[in-house]
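These numbers come from the heavy atoms of this one structure, side chains and all, not from hydrogens, waters or symmetry mates. Every value quoted in this text rests on a predicted model; they were computed, and no experiment measured them.
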Amino acid sequence: MGSRASRVIISYRRFGSAGFGRGGMVTLVLSVLAVAAVAVVVVGLVRAGRREARAERIRRQEEERREARRSLEAVWKMNGRQFEEYVAELCRRDGCTQVRQVGGAGDLGADVIGYLPDGRKLVIQCKRYAKHRSVGSRDLQTFNGTARDEHGADIPVFVASCVFTQQARAFAARRQLVLIDVNLLGFWNGGTPLTAFLNLDIGRSGNHRKIAPDD
């Protein structure tokens, strides 16, 4: 704003002899200042609008996650075996073939095995934990050690009825493990196909904040 006024004053000094009077100079300076002030106000309004839009987007996303989690009330009442069968059924719904529930003693980290519609082999470990718990990196390290080497997984998937810790997410990102936490599980349960989760950025596709028992 100051630089604009300076340029006007310089112009006045340079061309004042051409009849540019003091009154005209004052009027022009005031006009420049008014335009600059309006520009500042407009920029402020635009920034405020962006902040409000971002806050509203975050609020909607959180509400969508809450709605998705509400659809999982029956899941939290399942035992581990029932949860594995539930995950297997979701795989079948989404077109996976040769889906088998193989969890049990000596399963070496595989609870469900099947094939995606494009032929890639899925190896899934399922953890039916209370919603206020979390899955840590140790569980993922164990799964990572067997999913590919022992079971020949093309796509290792870890499904949990709770969240993953920040360390677990970091480990999964390094080892290219697919994580489906309680939030994504709610969307999967609601009809989103399994393939939609396979290439998500693990660092941005969920969070590690535990859910309150009554949430």
Output the distance between atom [atom1] ([X]) and atom [atom2] ([Y]), rounded to the nearest 0.5 Å.
X      : Y      : atom1 : atom2 : value
Asp139 : Phe164 : CG    : CZ    : 9.0 Å
Leu194 : Leu116 : CG    : CG    : 6.0 Å
Met78  : Glu84  : CE    : CD    : 11.5 Å
Ile180 : Phe187 : CD1   : CZ    : 12.5 Å
Ile113 : Cys91  : CD1   : SG    : 11.5 Å
Ile124 : Asp111 : CD1   : CG    : 9.0 Å

Would you say [atom1] of [X] has more than 12 non-hydrogen atoms from neighbouring residues, nucleotides or ligands within 6.0 angstrom?
X      : atom1 : value
Asn199 : CG    : no
Gln176 : CD    : no
Arg92  : CZ    : yes

Notebook entry, point to check: Can you list every pair that meets ring-ring contact (aromatic ring centres under 6.0 Å, His included) and has a residue in residues 94-130, with sequence neighbours left out?
Noted result: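 ring-ring contact (aromatic ring centres under 6.0 Å, His included) check on residues 94-130 returns no pairs.
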What are the two closest non-hydrogen atoms of [X] and [Y], and how far apart are they?
X      : Y      : value
Ala160 : Val135 : CB-CG2, 3.8 Å
Thr165 : Ser134 : CG2-OG, 3.6 Å
Leu179 : Ala168 : CD1-O, 4.4 Å
Gly152 : Lys121 : O-CD, 3.6 Å
Ala153 : Val123 : CB-CG2, 3.4 Å

So, does [X] use its side chain to make a donor-acceptor pair with the main chain of [Y] at under 3.5 Å?
X      : Y      : answer
Arg148 : Pro156 : no
Glu85  : Gln82  : no
Lys127 : Cys162 : no
Gln101 : Arg81  : yes
Thr146 : Leu108 : yes

[Y] and [X], any side-chain heavy atoms less than 4.5 Å apart:
X      : Y      : result
Arg175 : Phe143 : no
Ser161 : Leu72  : no
Leu200 : Leu184 : yes

